[in-house]
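Please read the structure below before turning to the comments.
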Amino acid sequence: MKKGEIYQGLIEKVEFPNKGIVQIEDKKIIVKNAMPGQKVRFMINKKKGTRLEGRLLEVLERSPLETRDPVCSIFPACGGCMYQTMSYESQLEMKAEQIKKLIDQAVKAGGQVDAQGNPDYVFEGIKGSPKEFAYRNKMEFSFGDEYKGGPLSLGLHKKGSTYDVLNALDCKLVHEDMNKILACVLEYCQEQGYAYYHKMQHTGFLRHLLLRRGNTTGEMLVNLVTTSQIETDFQELKDRLLSLKLEGKIVGFLHIINDSLSDVVKSDETRILYGQDYFYEEILGLKFKITPFSFFQPNSYGAEVLYETAREYIGDTKDMTVFDLYSGTGTISQILAAVAKEVIGVEIVEEAVKAAGENAKLNNIENCRFIAGDVLKVLDEIEEKPDFIVLDPPRDGIHPKALPKIIDYGVEKMVYISCKPTSLARDLEMFLARGYRVEKVCCVDQFCQTVHVETVVRLQRKHT
């Protein structure tokens, strides 16, 4: 097989995160963005030794698992969703199989096997999200064009493309309120003739529309991200937004100026054009103040399932000092505070630490303390010793130099919450090599219709 050659084949299975496997004769080809059971046409676009990758060109035959019609107008071209034509039950089953395979491999590599050589831990399957659609409380939409030189668009990137942006006017991952706001902003910007920011030339005005909505409160922040190349107060747009008939309520309209060269949503300057720069969300009876860039689980409904699972895995922490490493806005810390002596959260994002402190006050919690800094460095400076550790790192997992420091505390049990199971599987190998065993694992689906999934693991220190 050579680069540029075109083949047809059947997607036999999909490995995490979205690696479709096609077997042709004795060769295994990875074709991304496909579903199990689809017959596809693809072009070989990467070849490294025996590793072959193909770019999906066309789905020739639907999968038997595709039992539903698409619910939005831009599926399957849009990169926001992968699996909406599969039943939710099939999605859950596929994700559980993918994660179990990764954990099995890590556990076996660490020598944790039974008498028959099988991985020796309890896999408790997967828990679904209470809401399959309209669950996202945060969405970053991009400005661009659907094709080169086309009219201004606002929405999500075309699958496999870093440039083409599809209008997501009927996105089903978000509440209808967000779609109404998106349509209003797009119409206004088209009328004004504003140009979108071109990543290569570094010219243009419009960059992103960042929307956040409390699932339980209905409070919304509208954050329009632009460069500084045009000076405007967006007064008319503000009036249009506030006149929209919405189920929830816009509590803040912010103009965020971002002149960075990279295509990230960040702020050089934030101007509050209306209201405030925060909103409130509630989870498990606790109230959380969330700002534009605060980390908060993007599916509040699924987050309740995730945190209930984590709380069950953590168990009794009475009279214990708990470290919540990579604590974000302090959600887990505050959930545990009622059943622990003290909870110390460590988080590198200063804005999140500030929000965590405010949230603890909001909920009248006095035994939580939050430290801003890199876990790798903070562990050298902190005087307290933990009785229990909760880990909830970002997608890349735990820094390899931080892992030994965490393990050296020698706590009896830990709970590791992961949003990227491949990073989790890599980290588990070191835990197993350093005297811990995987006790049990459960998946929680917070990202319905997509390739992503959360995984909760309880680790137990081995006694020799």
Side-chain angles (χ1 to χ4, degrees), residues 130 137-138 212-221 248-249 251-252 272 275-373 375 378 381-392 411 413-415 417 444 446 454 456:
N137 58 40
K138 175 187 176 185
R212 304 198 72 159
R213 183 185 191 277
N215 285 343
T216 57
T217 63
E219 295 183 351
M220 284 177 285
L221 279 188
K249 181 186 178 186
V251 296
I272 301 175
Q276 61 206 34
D277 62 351
Y278 60 89
F279 69 101
Y280 289 106
E281 180 66 306
E282 293 175 12
I283 285 185
L284 295 176
L286 296 171
K287 200 171 185 179
F288 295 93
K289 179 182 177 183
I290 302 166
T291 55
F293 298 105
S294 296
F295 173 77
F296 198 78
Q297 292 289 354
N299 176 353
S300 306
Y301 310 109
E304 290 207 326
V305 178
L306 177 68
Y307 293 138
E308 282 174 339
T309 304
R311 189 160 60 181
E312 176 203 326
Y313 271 37
I314 291 162
D316 183 14
T317 52
K318 192 173 183 294
D319 301 325
M320 286 188 182
T321 297
V322 179
F323 279 11
D324 178 10
L325 305 183
Y326 313 94
S327 54
T329 49
T331 320
I332 293 174
S333 297
Q334 292 172 70
I335 288 166
L336 293 179
V339 289
K341 182 176 77 175
E342 181 184 24
V343 183
I344 299 171
V346 181
E347 169 59 49
I348 198 167
V349 180
E350 288 191 20
E351 186 187 10
V353 172
K354 185 183 174 198
E358 290 176 358
N359 288 332
K361 284 181 186 172
L362 193 66
N363 293 305
N364 298 312
I365 293 170
E366 297 179 350
N367 61 333
C368 275
R369 180 156 64 91
F370 298 98
I371 301 169
V375 166
V378 171
E381 300 160 3
I382 198 165
E383 292 180 3
E384 289 89 346
K385 296 287 185 250
D387 302 301
F388 197 103
I389 297 175
V390 179
L391 302 157
D392 191 4
V411 298
K413 291 184 180 180
M414 296 188 217
V415 166
I417 302 168
V444 178
Q446 290 213 90
E454 297 270 340
V456 186

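Looking at Asn137, its side chain never comes within 3.5 Å of a backbone N or O of Gly214 through a donor-acceptor pair. Remark: the backbone N or O of Glu282 is paired with a side-chain donor or acceptor of Thr216 at under 3.5 angstrom. A donor-acceptor distance shorter than 3.5 angstrom exists from the side chain of Asn367 to the backbone of Ala340, with no hydrogens or angles considered. Side-chain atoms of Glu304 come within 3.5 Å of backbone atoms of Leu284 as a donor-acceptor pair (strictly under, hydrogens ignored). No donor-acceptor pair closer than 3.5 Å links the side chain of Thr329 to the backbone N or O of Phe296. A donor-acceptor distance shorter than 3.5 angstrom exists from the side chain of Asn363 to the backbone of Lys287, with no hydrogens or angles considered. A donor-acceptor pair under 3.5 Å is absent between the side-chain atoms of Thr321 and the main chain of Asp387, judged by distance alone. Between the side chain of Asn299 and the backbone N or O of Gln446, at least one donor-acceptor pair lies under 3.5 Å.
Looking only at atom types and distance, the side chain of Glu351 has no donor-acceptor partner in the side chain of Ser294 under 3.5 Å away.
Residues Ala360 and Phe370 come closest through the heavy atom pair CB-CE1, 4.2 Å. When all heavy atoms of Ala356 and Gly330 are compared, the closest pair comes out as CB-N, 3.9 Å. Considering all non-hydrogen atoms of both residues, Ser300 and Ile283 come closest at O-CD1, 4.1 Å. Nearest heavy-atom pair across Ile417 and Ala310 is CD1-CB, 3.8 Å. Heavy-atom minimum distance, Ala337 versus Ile365: CB-CG2, 3.5 Å. Taking all atoms of both residues into account, the shortest heavy-atom contact from Met320 to Asp316 is CE-O, 3.7 Å.
Distance CD/Gln297 to CD/Glu281: 11.5 Å, rounded to 0.5 Å. The CZ atom of Arg212 lies 7.0 Å from the OG1 atom of Thr291; values are rounded to the nearest 0.5 Å. Remark: Glu454 CD to Tyr307 OH distance equals 8.0 Å, nearest 0.5 Å. Distance check, rounded to the nearest 0.5 Å: CD1 of Ile314 to CD1 of Ile389 gives 12.0 Å. Separation of atoms CD (Glu347) and CG (Leu325) is listed at 10.5 Å; rounding is to 0.5 Å. Going from atom CG of Leu362 over to atom CZ of Phe288 covers 9.0 Å, rounded to the nearest 0.5 Å.
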So Asp324 and Leu336, side-chain contact (heavy atoms from CB on, under 4.5 Å) or not? Walk me through it. CA-CA 9 Å; Asp324 178 10; Leu336 293 179; 5.9 Å; no
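The side-chain heavy atoms of Lys413 and Phe388, taken from C-beta on, include a pair separated by under 4.5 Å.
Other residues, nucleotides and ligands contribute more than 12 heavy atoms inside 6.0 Å of the CD atom of Glu381.
Between Glu384 and Arg369 there is a salt bridge, since at least one side-chain N of the basic residue sits less than 4.0 Å from a carboxylate O of the acidic one.
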